[in-house]
Amino acid sequence: MAQFGILTALLTPFAADGSIDGDRLAGHAASMVERGVSGVTLFGTTGEGASIAAGERQAGISALLECGLSPERIVLGAYGSAAADAAAQIDEGMRAGITRFLVPPPFYFSDAGDEGVFLWFAALMALSSPKAGIILYNIPQVTGVGVSPSLASRLKEFHPERIVAIKDSSGDWPNAVRLLEGKVLPVLIGDERLLHKAVPLGCVGSITGVANLYPERLCNVLTSSTEDPMLTRTVDRIVGLPVIPTLKVLLADALGAPAWENLRPPLLGLTAEQKSEILALEGRGMAA
């Protein structure tokens, strides 16, 4: 199985006017690689990718490339209920030299079932560059539509050279075990609390939002297959609150840069009480 390592699911910084802050994005991505991660994911869930307009995406891609980040270190999120929309995002990334794409299933018709989702991915692959590698993205608690182990296996069999991995962010350990024990395709674990258990079963890495704060510690969990109890407690606290606003509050605090707290609608910031609580527990400059 190909090794992916730790990839930081980048938070997306926004300026006061709501536009993407390309300089801040590039600086953060570069710092992640300097601190040991294998690469970064741009416009994933943590990066509010579904709220980024088609016309804005190139600016984010260019910011990463212009700071010297190799396209081989970038995974690009691609979203769309229409397969053609997701295919257009993939082809835009391919033109920039990016070859790996994190793709969730279509998320509007939630009762399509495995057959409908299979047909959607088949259409996506027919419409996009034949050289684009697809990382299936299973995050049903967000999309309302899952990628089951049987569907992942069927898609890998249908197009073995295009389906390069699956990211399981369901937080469902038995589901992760089924994927890992099936050994059909490389498995990336999204829930940082499960990573140490998944590595001995063949997990090839993680695309992780918490790496925005603790990249070195996530890399150590991957290489040692050993739980980091303090990190587990941190993740428990983060997922007990709105995750993306919480990550942004903690990164803003760690870097002394309040602009990191800016969010795109429909996401809302933490309440004053929530912010005070998480900073009292975790606001110790961990990303500095």
Tell me if a side-chain donor or acceptor on [X] pairs with a main-chain N or O of [Y] at a distance below 3.5 Å.
{"X": "N262", "Y": "F14", "answer": "yes"}
{"X": "N212", "Y": "L11", "answer": "yes"}
{"X": "E261", "Y": "D253", "answer": "no"}
{"X": "K167", "Y": "G190", "answer": "no"}
{"X": "S276", "Y": "A272", "answer": "no"}
{"X": "S128", "Y": "L124", "answer": "yes"}
{"X": "D228", "Y": "L218", "answer": "no"}
{"X": "E56", "Y": "S19", "answer": "no"}
{"X": "R73", "Y": "S38", "answer": "yes"}

- Centroid-centroid under 6.0 Å between F121 and F158 rings: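 Not under 6.0 Å, so no.
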
[atom2] on [Y] to [atom1] on [X], rounded to 0.5 Å:
{"X": "R233", "Y": "R193", "atom1": "CZ", "atom2": "CZ", "answer": "13.5 Å"}
{"X": "L10", "Y": "M32", "atom1": "CG", "atom2": "CE", "answer": "8.0 Å"}
{"X": "K156", "Y": "E161", "atom1": "NZ", "atom2": "CD", "answer": "8.0 Å"}
{"X": "I20", "Y": "Q58", "atom1": "CD1", "atom2": "CD", "answer": "11.0 Å"}
{"X": "T8", "Y": "Y214", "atom1": "OG1", "atom2": "OH", "answer": "14.0 Å"}
{"X": "E181", "Y": "L179", "atom1": "CD", "atom2": "CG", "answer": "10.0 Å"}

Check your understanding: Does the side-chain contact (heavy atoms from CB on, under 4.5 Å) test come out yes or no for V249 and L241, once each step is laid out?
Key -> CA-CA 11 Å; V249 162; L241 294 167; over 6 Å; no

Could you check V243 against L247 for side-chain contact (heavy atoms from CB on, under 4.5 Å), going step by step and ending with a plain yes or no? CA-CA 6 Å; V243 172; L247 288 171; 4.0 Å; yes

| task | Please determine which of D114, L155, V184 meets the side chain to side chain contact (heavy atoms under 4.5 Å, CB included) test together with S150. | result |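 Of all the options given, the one that passes is D114.
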
Testing T41, I163, L7, V164 one by one against I135 for a side chain to side chain contact (heavy atoms under 4.5 Å, CB included), which residue passes?
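Exactly one candidate clears the test, V164.
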
For [X], look at atom [atom1] and say whether over 12 heavy atoms of other residues, nucleotides or ligands are found less than 6.0 Å away.
{"X": "D23", "atom1": "CG", "answer": "no"}
{"X": "K275", "atom1": "NZ", "answer": "no"}
{"X": "E157", "atom1": "CD", "answer": "no"}

Least distance between heavy atoms, [X] atom then [Y] atom:
{"X": "P265", "Y": "S51", "result": "O-OG, 3.7 Å"}
{"X": "P106", "Y": "V145", "result": "O-CG2, 3.4 Å"}
{"X": "A257", "Y": "R24", "result": "CB-NH1, 3.5 Å"}
{"X": "W120", "Y": "G80", "result": "CZ2-O, 3.1 Å"}
{"X": "T46", "Y": "A9", "result": "CG2-O, 3.4 Å"}
{"X": "F43", "Y": "G60", "result": "CZ-CA, 4.0 Å"}

Please tell me whether N175 and D168 have a donor and an acceptor in their side chains that are separated by less than 3.5 angstrom.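 Distance-only check passes for N175 and D168.
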
Going by atom types alone, do E48 and T12 pair a side-chain donor with an acceptor below 3.5 Å?
->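 No donor-acceptor contact under 3.5 Å links the two side chains.
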
Which atom pairs, donor and acceptor, lie under 3.5 Å between side-chain atoms of residues 197-209 and protein residues at least two apart or in another chain?
unit_1: S206; atom_1: OG; unit_2: I189; atom_2: O; d: 2.5
unit_1: T208; atom_1: OG1; unit_2: E192; atom_2: OE2; d: 2.7
unit_1: T208; atom_1: OG1; unit_2: V210; atom_2: N; d: 3.2
unit_1: T208; atom_1: OG1; unit_2: A211; atom_2: N; d: 3.3

Point to revise | Step-by-step side-chain contact (heavy atoms from CB on, under 4.5 Å) determination, R57 to L76 | key: CA-CA 10 Å; R57 291 172 59 89; L76 184 62; 3.5 Å; yes

Answer yes when E115 and R154 have at least one side-chain N-carboxylate O distance shorter than 4.0 Å, and no when they do not.
->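 Salt bridge between E115 and R154, a charged N being under 4.0 Å from a carboxylate O: yes.
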
Are side-chain heavy atoms of [X] and [Y] found at a separation under 4.5 Å?
{"X": "T99", "Y": "K131", "value": "no"}
{"X": "L263", "Y": "P245", "value": "yes"}
{"X": "N138", "Y": "P140", "value": "yes"}
{"X": "D21", "Y": "L25", "value": "no"}

Go through it in stages, so that I can follow the logic: the residues are Y137 and T143, the test is side-chain hydrogen bond (donor to acceptor under 3.5 Å, both in side chains), and I'd like the CA-CA distance, side-chain angles, deciding distance and then a yes or no.
CA-CA 10 Å; Y137 190 10; T143 60; over 6 Å; no

Check your understanding: Residues sharing Y108's hydrophobic cluster, by side-chain heavy-atom contacts under 4.5 Å among ILVMFWY, directly or via others?
Key ->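 Y108 shares its hydrophobic cluster with F109.
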
Inset, instruction - For the pair H28 and L251, evaluate side-chain contact (heavy atoms from CB on, under 4.5 Å) and give the outcome as yes or no after the intermediate values. - result: CA-CA 10 Å; H28 182 54; L251 187 60; 3.8 Å; yes

Self-check item: Shared hydrophobic cluster, W173 / I166 (ILVMFWY, side-chain heavy atoms < 4.5 Å)
Solution: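 Cluster IDs for W173 and I166 match.
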
**Asked** So if you build clusters from Ile, Leu, Val, Met, Phe, Trp, Tyr with side-chain heavy-atom gaps below 4.5 Å, do I98 and L127 land together?
**Response**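 No; tracing contacts between hydrophobic side chains, which count when under 4.5 Å, never links both residues.
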
